[in-house]
Amino acid sequence: MKDIKISEDIIYIGADDKTIDLFESQYIVPNGVSYNSYLIKDDKNVIMDTIDRRKTDEWCENLEKALNGEKPDYLVISHLEPDHAYNIELLANKYPEMKLIGNAKTFSMLPQFFNIDKLEDRMIVVKEGDEICFGKHTLQFFMAPMVHWPEVMVSYEKCDKVLFSADGFGKFGTLDTEEDWDCEARRYYFNIVGKYGIQVQMLLKKVASLDIKIICPLHGPILKENLSHYIEKYDIWSSYKPENDGVFIAYASIHGNTEKVAQKIKEILEEKGAKKVSIADLSRDDMAEAVEDAFRYDKLVLASASYDAGIFTPMNNFLHLLIEKNYQNRKIALIENGSWAPSAGRCMKELVSKMKNIDLCENLVTIKSTMKENNKIELENLADELLK
């Protein structure tokens, strides 16, 4: 169990998972992930969420140690996703007198996952702004629908000024991972929460007036210092503003010829003074990181081979992901390659047209199999338009 001091009465009872291969069966997590859970010790003992099945035994041991012979009186259910809620039924069966705190949506969904005896007698249904006092500590509840499930809520503990933020402010990586917060928190945000920027903005406005000293998310480190930095990042990300002045080049190449074109425009952009140029091979690099970088920078170059009278599959997948995540407010340049009937440009343009507030460069560079000298001139012109 991690020896993490949150406050005198709030104890960390979560666990690190270093053996997981894919988070949500799709996101690479080279440094694992933490499942965070907390216990508030007071006149009434309050558990803040359970954790994933993968760490049930460790969590139960941590809880027993923290309870120190006492029993829990309440379980607050912030979010019903199984990585946080798997052990609700186990806990409810072990402590039949324990009450469950959630909102109306929580309890409409709960029976889809669990069979809990006499559930109606154990439910405490809270709504926006409601408060429950447990002795020294009082929780105030704020609804956060679609951040990123419809039943999500966050809780503000008024004594120690702690925001239990559910998946908000979460991050990939175990708690003992030493790495920059921004990078893995950004990748986590845009791939998991990113579609729901409007809802995140609404939540940020709700909690803006609270005196928050500590943020306790359900994944990633407990945040105690420089909270304005994390809140500022969430404001930028959820409002779909570019975070940095730079260019992200995403390419999908079959035999390497489109890759050479992508590397060439990277070279040209750097020569022309682009502040930052990042590049990714959509066939081989982490797709979630590519989505992250597309949102990070204010300009995007899409370079794709044509395939089956359309776009090469990795680029097609990438663009659909961006559409799903509400990609917007960026400048985009297109490069296509095709040996006999180039189709990627037309198809990429069609998908880009589904995005909001996109400034699409007029120049479309078409490569016929391999890059020629005239193509280099066209890439120069495209770079000029992109950086204009």
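- By the rule that hydrophobic residues join a cluster once side-chain heavy atoms approach within less than 4.5 Å of another member, Ile265 and Ile377 end up as members of separate clusters.
- Remark: the Thr313 side chain and the Asn316 side chain contain no N/O donor-acceptor pair separated by less than 3.5 Å.
- The side chain to side chain donor-acceptor pair (under 3.5 Å) with Trp237 is formed by just one residue from the set Glu292, Glu232, Glu243; it is Glu243.
- In summary, the side chains of Ser7 and Asp160 do present a donor paired with an acceptor at a separation below 3.5 Å, with no hydrogens or angles considered.
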Please assess Tyr234 against Tyr189 for the test ring pair (Phe, Tyr, Trp, His ring centres under 6.0 Å), listing each intermediate value before the final yes or no. CA-CA 9 Å; Tyr234 256 64; Tyr189 174 85; 5.1 Å; yes
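- Proximity of Leu139 to Met48: side-chain heavy atoms (C-beta onward) are separated by under 4.5 Å at one or more points.
- Both Phe113 and Ile77 are members of a single hydrophobic cluster when ILVMFWY side chains are connected at heavy-atom separations under 4.5 Å.
- For Ser306 against Ala344, the heavy-atom pair with the smallest separation is OG-N, 3.1 Å.
- In this structure, Leu204 is a member of the same hydrophobic cluster as Ile236, with clusters built from ILVMFWY side-chain heavy atoms closer than 4.5 Å.
- Ring geometry for Trp181 against Tyr230 counts as perpendicular: the plane angle is over 60°, on a 0 to 90° scale with 30° as the lower cut.
- Of all the heavy atoms in Ile279 and Phe248, the pair that sits closest is C-CE1, 4.1 Å.
- Hydrophobic clustering, with ILVMFWY side chains joined whenever heavy atoms are under 4.5 angstrom apart, keeps Met146 apart from Tyr188.
- For residues 348-361, the set of pairs meeting the salt bridge (Lys or Arg N to Asp or Glu O under 4.0 Å) definition, not counting sequence neighbours, is empty.
- Taking the six-membered ring where the residue is Trp, Tyr27 and Phe172 present tilted rings, their angle falling between 30° and 60°.
- Among Val46, Leu91, Ile124, the one residue that satisfies the side-chain contact (heavy atoms from CB on, under 4.5 Å) test with Leu75 is Leu91.
- In this pair, His148 and His79 present their aromatic rings perpendicular. The plane angle is above 60°, beyond the 30 to 60° band.
- Asn62 and Ile13 make their closest contact through ND2-O, 3.3 Å (heavy atoms, listed as atom of the first residue, atom of the second, distance).
- Taking a cutoff of 4.0 Å between a charged side-chain nitrogen and a carboxylate oxygen, Asp245 and Lys299 qualify as a salt bridge.
- The hydrophobic cluster containing Ile214 also contains Met153, counting ILVMFWY residues as joined when their side-chain heavy atoms lie under 4.5 angstrom apart, directly or transitively.
- For residues 131-140, the pairs satisfying side chain to side chain donor-acceptor pair (under 3.5 Å) are Asp9-Lys136, Asp9-His137, Glu131-Lys158, His137-Glu157, with sequence neighbours left out.
- In this structure, Asp293 contributes its side chain and Ala290 its backbone to no donor-acceptor pair below 3.5 Å.
- Asp83 has its side chain within reach of Phe23: a pair of non-hydrogen atoms, C-beta onward, lies under 4.5 Å apart.
- Taking both residues in full, the closest heavy atoms of Ala274 and Val247 are given as CB-CG2, 4.5 Å, listed atom of the first, atom of the second, then distance.
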